[in-house]
Amino acid sequence: MTTESPDSLILSLEGFEGPLDLLLDLARAQKVDLARISILALVEQYLAVIEGAARIRLELAADWLVMAAWLTWLKSRLLLPAEDPEAAEAGQSAELLAARLAELERMRAAAAWLSARPLLGIDVFPRGAPEEHTATDRSRLVADLPALLRAYVEAVRRGTARVTYQPRQLSFWTVQDAIKRLTATLGSMPGWTTLERFFPALSGQEHRAALASTLLASLELARNGQIRLRQDSPFSPILVASPRDP
Amino acid sequence: MTEDLDQYIRLAEALIFASAEPTTQRALTALLPEDVDADTILRELQKRSEGRGIELVQVGLGWQFRTAPDLAGRLTRTISRPRRLPRVAMETLAIIAWHQPVTRAQIEEIRGASLSQATLDALLEASLIKSAGHRDVPGRPALWATTPGFLAQFGLNSLSDLPKRADLVLETVAPITAASTIPAD
Amino acid sequence: MTEDLDQYIRLAEALIFASAEPTTQRALTALLPEDVDADTILRELQKRSEGRGIELVQVGLGWQFRTAPDLAGRLTRTISRPRRLPRVAMETLAIIAWHQPVTRAQIEEIRGASLSQATLDALLEASLIKSAGHRDVPGRPALWATTPGFLAQFGLNSLSDLPKRADLVLETVAPITAASTIPAD
């Protein structure tokens, strides 16, 4: 790392990925096995670079300065007599730094090894116009019985829904219904009224059913004295009147 | 020169192999030295490919490697990708199954929608339905019924394996006899 | 038998040649008679391809024909050339390949620099790396690993084809785990 001009120094710093990158480069300059580099020499070189850079560029990135501070600490401990416990601690830290640098160096070598491989799509090429030898048979059907049942139910339901199905109004009355109707409408019927007038106009079987239940209801009410009944001759209309009516 | 020729043949082989489009003689010429004839290289490459699993063929304006025709058949894998019947077809089939023999008009009445010829054709093509004579009414409309293929498709031994209509459609086809005064349930 | 063997080799050639993707040994086995060993056929085919413009290589998931590496320079003039990965991405990829599964923090520690989103994106986009679960520590950081595409891209049959870390440089291998005494950034 040379420091002829401040500008070249800045440029060379910016060329590094980080403090470790610079340290590795400085270590390589020692031209020895990375495991045997002089950490002390390395530290001094790094600090010199940072000091030189800091003189001209105070806003130097924080991680460079943090590394510088740590290395300053490391240097001060490494300079202590070997028997000092703090020197032993520093020795360990130095070993770790060396190990980190070694690993980074190894990964650089790994990246270089990978880069030297013939790369697919760059150095070597696969078949450019692949052929498709797969035929698709779509003759079979996915359809099972449950699906068929569902389909039928849905079809019928939708078909009937569209006609807006409405059940026929049914007029079969129970005797209870007839009693209710008779008692409710009796007051509004002046004098003798035919039984047929106590249910709506119906025809056929429905008429006869309504007539039967209304007759039964009228007999029940007459028994209790709630109405009066009268039939002038056989098969003539049955007449109903309120007990209060004359 | 022979060694060089070998190199050029290798280069042509690699180029044609890697190109997505057929390689034109012009593209190959551009890659070769001026004194080397692309046509010669191609003929030689073609000769060397003889009897291999792939062969060099001229496609349109260029050259391409293709699988040898006698092998193509053996390479073809058939993937069975069963199709699903569209809903309309499924419903139509269901109505035919339960109401057969049934006319088109009846099917339309039950579904409450018109039935397209395409739907009938799809069912016919799948061998699920067949025509079963004509109804003896004016216009003599065709009657439709299911086939043995229908039974096979749905894993039925006979049509009597189908559940009764009354067991299937409960609320909509409720009997009319129940009096409205009686609570439904 | 020899004639049959020739046929099987042709068939294997056609099968592998037809596909842009590697062909698995299983796919070839399925195509060959039961008493024919796919491996024998592949080795023979590989031998026959030697010295040609395209060669048979075993990559990750299977076998693939590729253009011979020595032709690269001359072919790339004709065939479009994607950009190479930048140095940072290559180093990151190398760390992931050799240390996998590995967290982002570990990658940053080894490189002594923070990992940019752009680098991660570039590797992911090239389908070279994938996430491989989480490390069971506070924060549960994602773990990264290489993909089969990584093997294919670099022409490797398996991760064991990568040189041993110790062989990469001659230094003694020191564990990197305790390096946390150095501020990471």
Side-chain angles (χ1 to χ4, degrees), chain B residues 2-34 36 38 41-42 44-57 59 62-79, chain C residues 2-24 26-33 36 38 41-42 44-57 63-82 155:
Chain B
T2 325
E3 210 161 275
D4 280 355
L5 193 70
D6 264 349
Q7 270 302 98
Y8 299 140
I9 291 168
R10 289 183 69 224
L11 193 61
E13 185 180 28
L15 177 68
I16 296 166
F17 168 81
S19 299
E21 301 296 323
T23 305
T24 59
Q25 200 151 326
R26 203 165 133 192
L28 183 58
T29 305
L31 204 64
L32 296 170
E34 260 182 43
V36 180
I41 300 292
L42 284 167
E44 186 60 30
L45 181 57
Q46 193 168 35
K47 217 167 72 188
R48 292 188 188 187
S49 305
E50 265 166 35
R52 276 172 44 192
I54 48 158
E55 54 183 38
L56 186 61
V57 291
V59 184
W63 295 80
Q64 204 163 40
F65 282 114
R66 305 303 281 176
T67 305
D70 66 306
L71 296 175
R74 299 188 58 181
L75 288 182
T76 305
R77 277 177 307 141
T78 306
I79 296 175
Chain C
T2 324
E3 210 161 276
D4 279 355
L5 195 71
D6 265 350
Q7 268 303 96
Y8 299 142
I9 291 168
R10 286 183 70 222
L11 197 60
E13 182 179 31
L15 176 70
I16 300 167
F17 209 94
S19 170
E21 300 300 318
T23 303
T24 59
R26 204 166 127 195
L28 179 60
T29 304
L31 204 64
L32 296 171
V36 179
I41 302 291
L42 285 165
E44 185 59 32
L45 180 59
Q46 192 169 37
K47 218 167 72 188
R48 292 189 187 185
S49 307
E50 265 167 33
R52 278 172 39 193
I54 49 170
E55 54 183 36
L56 185 61
V57 288
W63 294 79
Q64 193 175 35
F65 276 115
R66 292 179 172 189
T67 58
D70 66 297
L71 299 173
R74 312 186 61 169
L75 279 181
T76 44
R77 263 187 282 152
T78 324
I79 300 168
S80 67
R81 182 189 188 122

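Each chain gets a letter, A, B and so on, in the order its sequence line appears, and its residues count up from 1.
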- Could you check if a side-chain atom of C:Q7 sits within less than 4.5 angstrom of a side-chain atom of B:L71, using non-hydrogen atoms only? yes

- Message: Heavy-atom pairs under 4.5 Å with chain B - which of C:A30, C:A20, C:G51 has more of them than the others?
- Response: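 Most heavy-atom pairs under 4.5 Å with chain B: C:G51.
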
- Please report the shortest heavy-atom distance between C:F17 and B:F17, naming the atom on each side.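 In terms of heavy atoms, the two residues are closest at CZ-CD1, 3.3 Å.
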
- Query: What heavy-atom pair brings C:A14 and B:L75 nearest, and what distance separates the two atoms?
  - Reply: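 The pair with the smallest heavy-atom distance is CB-CD1, 3.7 Å.
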
- Message: With a 6.0 Å cut-off (strictly less than), is the heavy-atom count around CD of B:E21, excluding the residue itself, greater than 12?
- Response: no

Would you give the length of the straight line joining atom [atom1] of [X] to atom [atom2] of [Y], rounded to the nearest 0.5 angstrom?
X: C:L31; Y: B:R74; atom1: CG; atom2: CZ; value: 6.5 Å
X: B:D70; Y: C:L11; atom1: CG; atom2: CG; value: 9.0 Å
X: B:R10; Y: C:E55; atom1: CZ; atom2: CD; value: 8.0 Å
X: B:S49; Y: C:R52; atom1: OG; atom2: CZ; value: 7.0 Å

- Task: Would you mind checking which part of C:R48 comes under 4.5 Å of any heavy atom in chain B, side chain (CB onward), backbone (N, CA, C, O), both or neither?
- Result: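 Neither; nothing under 4.5 Å.
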
